[in-house]
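Working notes, structure below.
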Amino acid sequence: MKNKRAEFSSTFGVIAAAAGSAVGLGNIWKFPYITGVYGGAAFLFVYLGFILAIGLPVMLSEFIIGRKSRKNAFGAFKKLAPKSLWQFVGILGVGAAFMILAFYGVVAGWSIEYMFSAAMDGFSDKSPDQLGSMFGTFIESPLKPVFFQLIFMVLTGAIVIVGIKDGIEKNVKILMPILVVIIIVLDIRAITLPGAKEGLKFLFHPDFSKLTGEGVLSALGHAFFSLSLGMGTLITYGSYIDNKNNLLRTAVQVTTADTMIAILAGVAIFPAVFAFGIEPSSGPGLVFITLPNVFQQMPGGYIFSILFFLLLTVAALTSSISILEVVVAYFHEELKMKRKVATVFATILIALLGIICSLSMGIFKDYLFFDLNFFDLMDWISANLLLPLGGLFISLFIGWKFGRKKVRAEIEKGGSISELFLSTFMFLVKIVAPIAIAIVFLSGIGLLKI
Ligand code: PFF
């Protein structure tokens, strides 16, 4: 059939692709760094609460919307709720995709650079301070980070051009498990370092008095970011899932894998942060400064460091393709561009925005918006503003517009669910998620004092 839409070829393919989207720089770079900034365990616990009460229900909602409509993020709402304002949720998502991929590509570029540094033995014999200034000098320089960011964007565009099935599925299946093994090896090394205990305490022993409204908003924003929610990525992927798939099971598996990997990354990093006397709140460089210290202190560190940054880049790629896919599916299906043209066009636009993000670390660092450089601004607006808003509308849509009966019918295409589960889910998407998101959002941006 000529017009049949692409579908993932197996259940495992679906999980691999969705987990590939969820697991990425968000888990290994961003989670540890913002956990450090917002004070450790208390942030982690709030984050886990959001994953369970909001993230999981919203993920299931996105899969339902995607599979039912078989459309891109914008077209899905147009089809399920014709001539209504719901379509704007899709537009919001396309906007978020632009912003996220712009800064995401920059960090992925850092990972490529670190892979080469590792290969040239660039970390050995350096003190923690020297590794810190090496990172600082690198991200501030005008050429190298831009160069690697562009390479990453070209790779992303190239995979998306090949298409969903061949481009996405195959890559993820083999490489992700290897990444997990490497992180576990790093965990073992990190927790056996002298002074590691402090780090585990920082990560798991909560002091809720340290939490701020902004920290709670960031935990919510990161729950969305890490699970690839709130901008239609999993609506778009859901549209490629066949009717036999058990959507609930898939959502649970993806959420579990994503959360486990974030925690494993935290366990690799915080013990080392304390062992080497690095500031936990040192920001976006945390992982890039901490892990090279760990590699230095372990047998086979040379090989492990190359492999780690290689696989981090691959994990970033399986996420970046899912972000680009949101824009491409929209350009292709709604604006009627040829898929290839849409991909090239979107990649170029986002890469240009990414160059500004990269330069905002160095030569443009004095241009601040609300006290943030352009990189942080893109991150903040997308993760803390657009994704929670998108999540709010998605849960309202499923809870109030789509409704219980259709939810049941869509989930049960791939396996039965109990009345109790259905009631809990509907309560979460109708009431809990919208109210919680609204409160966290308003207090995080300072409009509500609690
Ligand atoms: N979830 C990805 C990560 O944790 O690295 C990032 C991401 C992918 C965010 C897709 C949003 C998205 F739609």
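For ligands, and for the atoms within them, numbers begin at 1 and follow the listed sequence. Computed from a predicted structure; not experimentally measured.
- Contact of the V89 side chain with the F397 side chain is not registered, since no non-hydrogen atoms from C-beta on lie closer than 4.5 Å.
- Of the options V326, I321, V328, a side chain to side chain contact (heavy atoms under 4.5 Å, CB included) to L324 is made by V328 and by none of the others.
- Under the 30°/60° scheme for interplanar angles, the aromatic rings of Y330 and F74 are found to stand perpendicular.
- For residues 241-264, no residue pair satisfies the ring pair (Phe, Tyr, Trp, His ring centres under 6.0 Å) rule, not counting sequence neighbours.
- Around the CZ atom of F147, the shell of radius 6.0 Å holds no more than 12 heavy atoms that belong to other residues, nucleotides or ligands.
- Within 4.0 Å of ligand 1, contacts by protein heavy atoms are made from S21, A22, G24, L25, G26, N27, Y104, F225, S226, S228, M231, T233, S319, S322, I323.
- Ionic pairing of R339 and E325 is present here: one or more N-O contacts between side-chain nitrogen and carboxylate oxygen are shorter than 4.0 angstrom.
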